[in-house]
Amino acid sequence: GREGELAWLRGRLAAGGGTSVLRGPPGIGKTRLAVQVGRELVEGGAPPTGGVWFCELAGARAAGDLLEA
């Protein structure tokens, strides 16, 4: 049921769309979506320039916490 979101994120990252942030309420599958698309890009042999990185931001409570994360 997430094909629309998967396609959007795949296209954005494959086209070199830079950083993408998935936000929303807890438990809706943001992490699972990000990890699935990242894995597909890497395993498919066409990761975006600079690779694929996952940064857990759940613990960031202030702007200064983002760089540390």
Side-chain angles (χ1 to χ4, degrees):
R2 303 292 300 258
E3 283 307 314
E5 291 90 349
L6 287 166
W8 175 82
L9 189 55
R10 282 182 199 118
R12 180 161 172 76
L13 295 174
T19 301
S20 294
V21 177
L22 303 177
R23 14 177 247 171
I28 64 168
K30 299 175 300 291
T31 300
R32 187 176 7 202
L33 180 75
V35 169
Q36 179 178 342
V37 171
R39 183 175 290 128
E40 288 175 5
L41 290 171
V42 170
E43 290 175 356
T49 303
V52 175
W53 296 83
F54 176 82
C55 299
E56 179 63 61
L57 301 178
R61 300 290 177 232
D65 297 339
L66 295 175
L67 290 177
E68 186 174 325

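A quick note: this is a predicted structure, and the numbers were derived from the prediction, not measured. Residues take their numbers from the sequence shown, with the count starting at 1.
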When the side chains of residues 58-69 are checked against the rest of the protein, which donor-acceptor pairs come out under 3.5 Å, sequence neighbours left out?
{"unit_1": "Arg61", "atom_1": "NH1", "unit_2": "Ala58", "atom_2": "O", "d": "2.9"}
{"unit_1": "Arg61", "atom_1": "NH2", "unit_2": "Ala58", "atom_2": "O", "d": "3.3"}
{"unit_1": "Asp65", "atom_1": "OD2", "unit_2": "Arg61", "atom_2": "N", "d": "2.9"}
{"unit_1": "Asp65", "atom_1": "OD2", "unit_2": "Ala62", "atom_2": "N", "d": "3.0"}

| query | According to a 4.5 Å side-chain heavy-atom criterion applied to Ile, Leu, Val, Met, Phe, Trp and Tyr, with indirect links allowed, do Leu33 and Val42 form part of one hydrophobic cluster? | reply | yes
| When clusters are formed by joining ILVMFWY residues with side-chain heavy atoms under 4.5 Å apart, either directly or through shared neighbours, do Leu6 and Leu41 land in the same one? | yes
| Passing candidate, side chain to side chain donor-acceptor pair (under 3.5 Å) with Gln36, options Arg32, Arg39, Glu40 | Glu40
| field | Between CG on residue Leu57 and CZ on residue Arg23, distance to nearest 0.5 Å | value | 12.0 Å
| query | Which pair of heavy atoms, one from Lys30 and one from Leu22, lies closest together, and at what distance? | reply | O-CD1, 3.5 Å
